[in-house]
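Heads up, the thing below is written out as structure tokens.
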Amino acid sequence: MPPSPSRADASSPDQAALDAESGKTKVNWKAIALVAAGIALTSAGHYFTPSGLLMWHGVFQRLYYLPVVFAAITFGWVGGLAAAAAAGVAYTPHIMITWSGMHHYAMEQYAEIFMFFAVGVLTGILADRERKRRIELQHTAQRLSAVYRELQSSFEQVKRADRLSAIGQLAAGLAHEIRNPLASIDGAAELLDAAGDQPELRKETVTIIRKECARLNRLLTSLLDFARPRRPEWRDVELAKVLDTVIDLVGHSAGKGIRFHKQEDERLPGLLGDQEQLTQVILNLTLNAAQAMPEGGDVWLIARREANGLAIQIRDEGAGIPEEHMDKIFDPFFTTKETGTGLGLSVVHQIVTQHGGNVNVSRNEDRGTTFTLFFPQTRGSAA
Ligand code: ADP
């Protein structure tokens, strides 16, 4: 979260200037007293030092610049002018009394008084300009912080609305997915009731009930994987073994005519992650690939070295994903399959994101689909 803009100190000169701008004039008596004391002490130095000690008079004469410059910085050009005038008024009688016989020296002292005015006014103008710039910056910072607060509140509102709509979608999807097997079980139960002593029919209906229960069970397992993902256990992943396991598992259940191929770059960078979860990801994608090819074809599992990580591709020669489905396939419960749960790709997306990676889908030039997983983590770079 960006740091909240710090409030200006109520007693700072900028705050005083802001107050002055908004009509609240607070007199800075402390600064006025300091300027007056500086001028009075310097003048006392002149009046009480014997005229023969010219070096000391030179020091005092320059000391006047301190209260003049301080007044100019604190009160602007008006303050510088007023302090220079006060110093001039305090110093002039001393020049007239003490140096009346030294015309040339007295003229130099009057010129010095002129310099008090020049330095006071110039320093004051510069200080005024600087203060104005600071006030503008403070105003801009205040405006920016107001805009930031507004943005944050709208962002929170959008996030809340998004969460509510996601919960609604999830509930609707879940209801839809549960209703179908429930209807089948209900129908089967009725059949079972009417089956009497027909063992064939009884067997058939019990099989239906079992199948639908298994489907509900699968749905709930996927839903829990999706809703309560566990944190990855970071280890070195044996990628070749993961790909072999997946090919082995899917190979057994896939229809005839589907061939699986593995292709790995030599000297692949090490992958850090949760082997079990990554197996699940590649399994889901490979199952989808196999299911997209009822007529058979080739599925490629490719692991490639990338500039700053590792890419894993699952490429099939299936029917492909229609353009209008492309931005829905990762939504929970989106499915085009008779017995699909629509949670496979949601789980893929979630696990890959948890691993700091990303997942992309593209349509192959000839036919079929390619899912690409990219993992930036290489051995030794995980948190
Ligand atoms: P399910 O497999 O249960 O339908 P998924 O989330 O895994 O759920 O997939 C969502 C949908 O994305 C699928 O129903 C299918 O329409 C589409 N899909 C996913 N992978 C592929 C693929 N390789 N080829 C064609 N369509 C796919």
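The model shown is predicted, which means the values in this text are computed figures rather than measured ones. All ligand and atom numbering here is 1-based and tracks the order in the structure.
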(request) Among Ile329, Val348, Asn288, find the one that has a side chain to side chain contact (heavy atoms under 4.5 Å, CB included) with Phe371. (result) Ile329
(request) Identify which one of Asp244, Leu243, Val250 satisfies the side chain to side chain contact (heavy atoms under 4.5 Å, CB included) criterion when paired with Leu301. (result) Leu243
How close does the nearest protein non-hydrogen atom get to [atom], and which residue and atom is it?
{"atom": "atom 4 (O) of ligand 1", "answer": "Thr335 OG1, 2.6 Å"}
{"atom": "atom 22 (C) of ligand 1", "answer": "Asp316 OD2, 3.9 Å"}
{"atom": "atom 2 (O) of ligand 1", "answer": "Lys337 NZ, 2.8 Å"}
{"atom": "atom 5 (P) of ligand 1", "answer": "Leu345 N, 3.6 Å"}
{"atom": "atom 19 (C) of ligand 1", "answer": "Asn288 ND2, 3.5 Å"}
{"atom": "atom 15 (C) of ligand 1", "answer": "Thr336 OG1, 3.5 Å"}
{"atom": "atom 17 (C) of ligand 1", "answer": "Ile329 CG2, 3.9 Å"}
{"atom": "atom 24 (N) of ligand 1", "answer": "Ala292 CB, 3.4 Å"}

(request) Taking only Lys NZ, Arg NE, NH1 and NH2, and the carboxylate oxygens of Asp or Glu, determine whether Glu200 and Lys203 approach each other closer than 4.0 Å. (result) no
(message) Does any N or O of ligand 1 fall below 3.5 Å from an N or O anywhere on Gln291, backbone included?
(response) no
Should we count [atom1] of [X] as having more than 12 external heavy atoms under 6.0 Å?
{"X": "His349", "atom1": "NE2", "value": "no"}
{"X": "Glu276", "atom1": "CD", "value": "no"}
{"X": "Tyr47", "atom1": "OH", "value": "yes"}

(request) Over 60° means perpendicular and under 30° means parallel, so classify the ring planes of His355 and Trp234, tilted if in between. (result) tilted
Atom indices of ligand 1, in the order listed, that fall short of 4.0 Å to a heavy atom of [X]:
{"X": "Phe334", "value": "10 (C), 11 (C)"}
{"X": "Thr341", "value": "3 (O)"}
{"X": "Gly340", "value": "3 (O)"}

(message) Taking the ring of Tyr64 and the ring of His46, is the distance between their centroids below 6.0 Å?
(response) yes
(request) Only heavy atoms count here, so choose which of Gly368, Gly342, Gly344 is nearest to atom 3 (O) of ligand 1. (result) Gly342
(request) Kindly identify the option in Leu219, Val347, Ile321 whose heavy atom sits closest to atom 26 (N) of ligand 1. (result) Ile321
Any chance the side chains of [X] and [Y] put a donor and an acceptor closer than 3.5 Å?
{"X": "Tyr110", "Y": "Thr92", "value": "no"}
{"X": "Arg304", "Y": "Gln313", "value": "yes"}
{"X": "Asn360", "Y": "Thr372", "value": "no"}

When you look for heavy atoms under 4.0 Å from ligand 1, do you find them on the side chain of [X], its backbone, both, or neither?
{"X": "Asn284", "result": "neither"}
{"X": "Thr369", "result": "side chain"}
{"X": "Phe371", "result": "side chain"}

(request) Give a yes/no on ligand 1: does Ala319 have at least one heavy atom closer than 4.0 angstrom to it? (result) no
